[in-house]
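In this chain, numbering begins with 1 at the start of the sequence shown.
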Amino acid sequence: MWRLPVRSLEAKVLGGVLNTFRANGTCCGVSGKKWVKPSGFDTGLKTFNSLTKQKEPLILAREGVATWYSCGPTVYDHAHLGHACSYVRFDILQRILSSFFGVTVIHAMVITDIDDKIIKRSWEENISPAVVARMYEDDFKKDMLALKVIPPAVYLRVTENVHHIVAFIEGIIKNGHAYATKEGDVYFDIQSIGDRYGKFVGAVESQGEAGSSSKRDPRDFALWKQSKPREPYWESPWGRGRPGWHIECSTVASCVFGSQLDIHSGGIDLAFPHHENEIAQSEAYHQCGQWANYFLHSGHLHLKGSAEKMSKSLKNYITIKDFLESYSANEFRMFCLLTKYRSAIDYSDNSMSEAQSSLGTISTFIHDAQAYMKGQLQCSPVQEDFLWERLAETKSTVLKALADDFDTPRAVSALMNLVYHGNCQLHPVSTSDGGARSPAVFGAITTYIREILDVFGIDLLHSKEADVLSSGGSLQAVVEQLTHFRSEVRAFALTHQDDSTTGSPKKPGLYPDRIPLLKACDTLRNDLAPLGVLIKDRGATSTWEIKVSQRGQRVQDKGQETSS
């Protein structure tokens, strides 16, 4: 659990870098909706920019550094898989930017800790809105840690930035783009920015949000709302009230990054009206033509067979906590990797099984490759040059895929293809012919696969299997000794009779009195499998591994070999 940053800490950690951005950040004076290609550092990748609705080169204001703002949660309830999908996907993108393209991501996120839904929940629970918000904020952060989402450089709460929000609104009014009503509300004046409003699809046709009859245009949206009885409030030049929904993000992002932002991310449902209104009020305040250079939007998560997105209002959601009772963070990340971040994604047991199967295939290959490298797995001669070529090809394919709008499905497919070719070379044989072995190429392949999965936030070395091993004390040593003893018994049972002793003209076979020992070895192997101890017979030798199911129970490997 990480602690909330305070202003002094924020100033120490981010102050020097961000002051440089404020000093160098400039806003062009271009009017209308035309996107202007930024000048600066070309990262070498292209990403789909919602502002242009096509892929654009990702160019940053400063070499090797990306300023990134994302909308955080409204903390009035438990986070669900729809939230998790968006946060995990963007976490993967940030990891790719950092590890593959050498970009340091400075990520800021706001926690909306005052809102109509929070107030309503506080009335229902008969506790203060502040307590409700802190409870679910803490809950959200624990969920993100459980999903291995890297925390932003700084979290900021709306309630701790109201004074900045008031000043931001005053600036918009001063620039002629907002007005106060006699009731004490403040609205953004859409007509004042002409054709600049409507950068995202559907914005122009929108009828706007509900509000005071004093609004000049139905599309005008609230920057400040007069407080109602029993609601929390703050003092302002327009009377007691609280911030509107959209203004908080513009203010907080501007407080951290100044007048220029490289990347803004969020779910596709936030594009309009939230991000549209953010752009309008930010550019009105900063008097610039392009506040954020790139908007990245993640697709919705749907329950299989449902056209509706997963949401609390529709009561069709699964909380992150409930999900993690059945599946692991590694499995959820693989589930996210198998579709493009901006595509809609269907959640079902079948789609999770696909993710589990992919991870299982990779894990089994790594285990088998290690057995080969240790000399525990005897194989036919390996086509070493072929595997080195496949590894080089995979590296090139993965890099090209990730540079093309973070195409993780294509990158994972390339990894699985490499695993396939590696498996094709691991043909076990009963006895070794003493020929040359090729452990180095398998070491290179397994190391590369682990490195890529680590970039994606999947750590096979610290999976639930590793947790079982670490909590089991000397379990590994016990299984090692048991497998060794079984191998000796099995080798004794598999010894063939000598023709000279039997005098039989038939092909020599097993000693009849040793067959029960062989069956006992098979029974032991089969009985241990449901407990998670998987013994595989590799000709004259045997290997073992420990696995756990998504529910923490040891499970049987369907791909186990038979010994007789």
Distance col, row T112:OG1 vs E248:CD, nearest 0.5 angstrom, shows 3.5 Å
Is the closest side-chain heavy-atom distance between L415 and Y448 below 4.5 Å? yes
Could you tell me if R62 and T104 have a donor-acceptor pair between their side chains, going purely by distance under 3.5 Å? no
Does the gap between the ring centers of Y136 and H78 come in under 6.0 Å? yes
Salt bridge (charged side-chain N to carboxylate O under 4.0 Å, His left out) between D77 and K117, intermediate numbers included: CA-CA 9 Å; D77 204 345; K117 294 174 182 177; over 6 Å; no
Taking S250 for its side chain and E278 for its backbone only, find out whether a donor-acceptor pair lies under 3.5 Å. yes
Counting only N and O atoms by type, is there a donor-acceptor contact under 3.5 Å from the side chain of T43 to the main-chain atoms of L58? yes
May I ask you to check if K340 and F48 form a cation-pi contact, with NZ or CZ under 6.0 angstrom from the six-membered ring centre and within 45° of the axis? no
Do T523 side-chain atoms and K519 backbone N/O form a donor-acceptor pair below 3.5 Å? yes
Beyond-backbone contact of D262 with F257, side-chain heavy atoms, under 4.5 angstrom: no
Is the shortest side-chain heavy-atom distance between R486 and L528 below 4.5 Å? no
Side chains of M109 and P73, heavy atoms from C-beta outward: is any pair under 4.5 Å? yes
Quick one: salt bridge (charged side-chain N to carboxylate O under 4.0 Å, His left out) partners of D116, sequence neighbours excluded? K225, R242
Quick one: does any side-chain atom of D113 pair with a main-chain N or O of R134 as donor and acceptor, under 3.5 Å? no
Here's a test for you: under ring pair (Phe, Tyr, Trp, His ring centres under 6.0 Å), which of F323, Y347, F456 qualifies with F332? F323
Rounded at 0.5 Å granularity, tell me how far CG in L270 sits from NE2 in H264. 8.5 Å
Candidate pair L45 and I96, rule side chain to side chain contact (heavy atoms under 4.5 Å, CB included), full reasoning: CA-CA 11 Å; L45 64 82; I96 291 169; 5.5 Å; no
Any donor-acceptor pair under 3.5 Å linking the side chain of H300 with the backbone of H302? no
Is any side-chain heavy atom of H275 closer than 4.5 Å to a side-chain heavy atom of C71? yes
Could you check, using the six-membered ring where one of them is a Trp, whether H421 and F386 have ring centers closer than 6.0 angstrom? yes
Distance col, row F365:CZ vs L418:CG, nearest 0.5 angstrom, shows 6.5 Å
Can a side-chain donor-acceptor contact be found between S351 and D346 if the only test is distance below 3.5 angstrom? no
Counting only heavy atoms not in D454, do more than 12 fall under 6.0 Å of its CG? yes
D368 side, atom CG; M373 side, atom CE - distance, nearest 0.5 Å: 10.5 Å
Between F200 and F295, does the ring centroid distance fall short of 6.0 Å? yes
Where do K148 and D459 land on the salt bridge (charged side-chain N to carboxylate O under 4.0 Å, His left out) test, with the steps shown first? CA-CA 10 Å; K148 297 189 283 190; D459 187 356; over 6 Å; no
Which residues satisfy the salt bridge (charged side-chain N to carboxylate O under 4.0 Å, His left out) test with K321, sequence neighbours excluded? D139, D143
Beyond-backbone contact of R89 with F406, side-chain heavy atoms, under 4.5 angstrom: no
Pairwise side-chain contact, K400 with D407, heavy-atom cut-off 4.5 Å (strictly under): no
Are any non-hydrogen side-chain atoms of Q425 and C379 less than 4.5 angstrom apart? no
Judged by atom type as modelled, is there a donor-acceptor pair below 3.5 Å linking the side chain of T483 to the main-chain atoms of V479? yes
Determine whether a donor-acceptor pair (N or O, by modelled atom type, separation under 3.5 Å) exists between the side chain of N330 and the backbone of I458. no
Distance-only, no hydrogens or angles: does the S363 side chain make a donor-acceptor pair with backbone N or O of L359 under 3.5 Å? no
Rounded to the nearest 0.5 Å, what separates atom CD1 in I111 from atom CZ in F140? 5.5 Å
Over-ring placement of R121 relative to Y76, 6.0 Å and 45° cut-offs: no
Can you measure from CD1 (I106) to CD1 (I263) and round to the nearest 0.5 angstrom? 11.5 Å
Check whether any side-chain N or O of S122 sits under 3.5 Å from a backbone N or O of I119 as a donor-acceptor pair, and report yes or no. yes
